Structures are given as C-alpha cells and as structure tokens.
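Below is one structure; the comments refer to it alone.
Fair warning: this is a prediction, and the values are worked out from it, not measured in the lab. The chain is numbered in sequence order, starting from 1.
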Amino acid sequence: MNLSLWGYVGVFAAVSVVCFGSLRHRRRIEDPDTRRGLTALLALSGAWAAVHVGYLVAPSPTLQYAFFTAGLVAGLAAVGPWLYFCSAYTGRTHHRNTTIRRVSVATFLVVVAVKLTNPLHTGTSRRRWCRNRSLTWRFTTNRSTGS
C-alpha cells in the first residue's frame with residue numbers, strides 16, 4: 001500500500017475516533033430530542049468512517065464488498081438521524097410525526113433490501129473489484145464476457 005492510501009486510512013480512522021469520542025459529551029445538550037438525534041448521527045457517522053477504514057485495508061475482494069455494502073447501509077442510515085436532529089434543533093416537530101417516521105423507515109428498508117439483494121437481481125455471475133488511479137475502489141461487472 002502506498003503513502004496516500006495510508007493517509008486516507010488515517011483520516012477516516014481519526015474521524016471515527018472523533019465521532020465516537022464526542023458521544024461522551026452528549027449529556028451537555030439539554031433538549032432530549034436534539035440529544036437523541038445528534039447521538040444517533042455521531043454513532044452512525046463514526047460507524048461509517050470505521051467501516052470505510054475496513055474497506056480500504058480489506059485483504060480480499062469478498063471482504064471489500066462486505067465493507068462496501070456495510071458502508072452504504074451505515075451512510076444511508078445516517079440520513080434519518082441528521083433530519084431528526086435538524087428538526088429537533090430548529091424547534092420543529094417533524095421528527096415526532098409518526099407518519100413521516102414510518103414512511104422514512106419503510107423507504108430506508110426498501111433501499112437497503114434492494115442493495116443487499118443486488119447480486120441476486122443484477123444478472124451477473126461474477127464480480128470483480130478494480131482499483132483506479134484516484135485510490136477509490138469501485139464495483140464493476142462485465143456483462144458481455146461474464147468475467
């Protein structure tokens with residue numbers, strides 16, 4: 001692994017530590033709804049950063065794909081707490097509306113279900129990971145040759 005990859009690993013690891021470390025100060029926030037939203041947001045953001053570290057250093061394509069998928073789920077899951085926090089912090093009550101909450105959770109579950117079952121409905125038999133020049137990993141398929 002080269003130096004710039006380890007730089008990415010270090011930054012994402014630091015972000016994860018900062019997010020989780022910030023959780024111990026959550027009791028300073030007086031409003032319980034704001035505190036709940038920020039706590040969930042920090043926890044999921046920290047989890048996403050930690051999973052991304054695993055994704056960057058995973059030794060096998062299978063493990064990379066597992067970390068990639070877990071990162072997508074954690075990143076998508078962080079949207080809910082962000083909206084909850086924003087609603088609570090600004091004094092609105094959208095985060096307490098059960099209809100909005102149910103629709104949001106249902107939408108999240110549908111998107112996650114589609115993502116987790118993606119290998120079953122993409123029509124490809126093999127997957128491969130490739131690394132491009134900018135040190136990001138991407139999932140590619142070659143449908144014409146099946147490789």
Side-chain angles (χ1 to χ4, degrees), residues 1 4-124 126-143:
M1 290 188 189
S4 57
L5 177 61
W6 284 111
Y8 284 118
V9 169
V11 167
F12 281 103
V15 167
S16 182
V17 169
V18 168
C19 284
F20 290 129
S22 297
L23 289 174
R24 64 184 170 169
H25 300 293
R26 69 183 180 266
R27 296 186 200 272
R28 294 180 185 175
I29 300 171
E30 293 178 15
D31 180 60
D33 287 345
T34 303
R35 182 174 49 248
R36 264 191 298 276
L38 186 59
T39 298
L41 178 61
L42 287 170
L44 284 168
S45 296
W48 174 79
V51 167
H52 200 70
V53 169
Y55 169 66
L56 290 171
V57 300
S60 71
T62 302
L63 204 50
Q64 286 172 338
Y65 185 69
F67 279 118
F68 175 76
T69 304
L72 287 176
V73 172
L76 181 61
V79 173
W82 169 250
L83 295 173
Y84 186 101
F85 168 75
C86 289
S87 174
Y89 185 75
T90 58
R92 291 175 172 80
T93 59
H94 301 300
H95 61 286
R96 292 187 189 146
N97 184 319
T98 55
T99 302
I100 291 174
R101 290 170 78 161
R102 286 179 182 156
V103 169
S104 299
V105 169
T107 302
F108 169 76
L109 292 175
V110 167
V111 171
V112 168
V114 168
K115 184 58 200 161
L116 293 178
T117 60
N118 196 30
L120 301 176
H121 54 79
T122 58
T124 58
R126 296 180 72 192
R127 292 170 227 36
R128 63 188 161 118
W129 285 88
C130 67
R131 190 167 171 197
N132 68 17
R133 294 178 190 215
S134 66
L135 297 173
T136 59
W137 295 82
R138 61 187 166 161
F139 183 72
T140 61
T141 59
N142 186 339
R143 293 179 187 209

**Asked** Within the side chain of Arg102, is there an N or O that forms a donor-acceptor pair under 3.5 Å with the backbone of Thr99?
**Response** no
**Request:** Taking all non-hydrogen atoms of both residues into account, name the closest pair between Cys19 and Leu42 and its distance.
**Result:** CB-O, 3.5 Å
**Heavy-atom pair of closest approach, residues Leu44 and Ala77** = CD1-O, 3.5 Å
**Request:** State whether the number of non-hydrogen atoms from other residues, nucleotides or ligands found under 6.0 Å of Arg92 atom CZ is greater than 12.
**Result:** no
**Request:** Kindly state each residue pair satisfying side-chain hydrogen bond (donor to acceptor under 3.5 Å, both in side chains) with at least one member in residues 37-51, sequence neighbours excluded.
**Result:** none
**Asked** Would you call the rings of Phe85 and Trp82 parallel, tilted or perpendicular, where under 30° means parallel and over 60° means perpendicular?
**Response** tilted
**Item:** Leu83 backbone acceptor or donor facing Ser87 side chain under 3.5 Å
**Value:** no
**Message:** Test of understanding: with side chain to side chain contact (heavy atoms under 4.5 Å, CB included), list the residues that count as partners of Val17, not counting sequence neighbours.
**Reply:** none
**Message:** In terms of relative ring orientation, are His95 and Tyr84 parallel, tilted or perpendicular, with 30° and 60° separating the classes?
**Reply:** perpendicular
**Request:** Could you check if a side-chain atom of Leu56 sits within less than 4.5 angstrom of a side-chain atom of His52, using non-hydrogen atoms only?
**Result:** yes
**Asked** Going by heavy atoms in the side chains, are Ser16 and Val53 under 4.5 Å from each other?
**Response** no
**Item:** Minimum heavy-atom distance His94-Ile100, with the two atoms named
**Value:** O-CD1, 4.0 Å
**Asked** Between Asp31 and Thr34, what is the shortest heavy-atom contact and its length?
**Response** OD2-OG1, 2.7 Å
**Residues which pass salt bridge (charged side-chain N to carboxylate O under 4.0 Å, His left out) with Arg96, listed by chain and number, not counting sequence neighbours** = Asp33
**Over all atoms of both residues, closest heavy-atom pair of Arg26 and Arg35** = O-CD, 3.2 Å
**Message:** Using every non-hydrogen atom in the two residues, find where Val51 and Gly71 come nearest and quote the distance to one decimal.
**Reply:** CG1-N, 3.4 Å
**Message:** What verdict does the side-chain contact (heavy atoms from CB on, under 4.5 Å) test give for Val57 and Trp6, after you've listed the backbone C-alpha separation in whole Å, the side-chain angles of each residue and the deciding distance to 0.1 Å?
**Reply:** CA-CA 9 Å; Val57 300; Trp6 284 111; 4.1 Å; yes
**Prompt:** Rounded to the nearest 0.5 Å, how far apart are CG of Asn118 and OH of Tyr65?
**Reply:** 5.0 Å
**Request:** For Phe20, look at atom CZ and say whether over 12 heavy atoms of other residues, nucleotides or ligands are found less than 6.0 Å away.
**Result:** yes
**Asked** Can you find a heavy atom in the side chain of Phe108 that is under 4.5 Å from one in the side chain of Val73?
**Response** yes
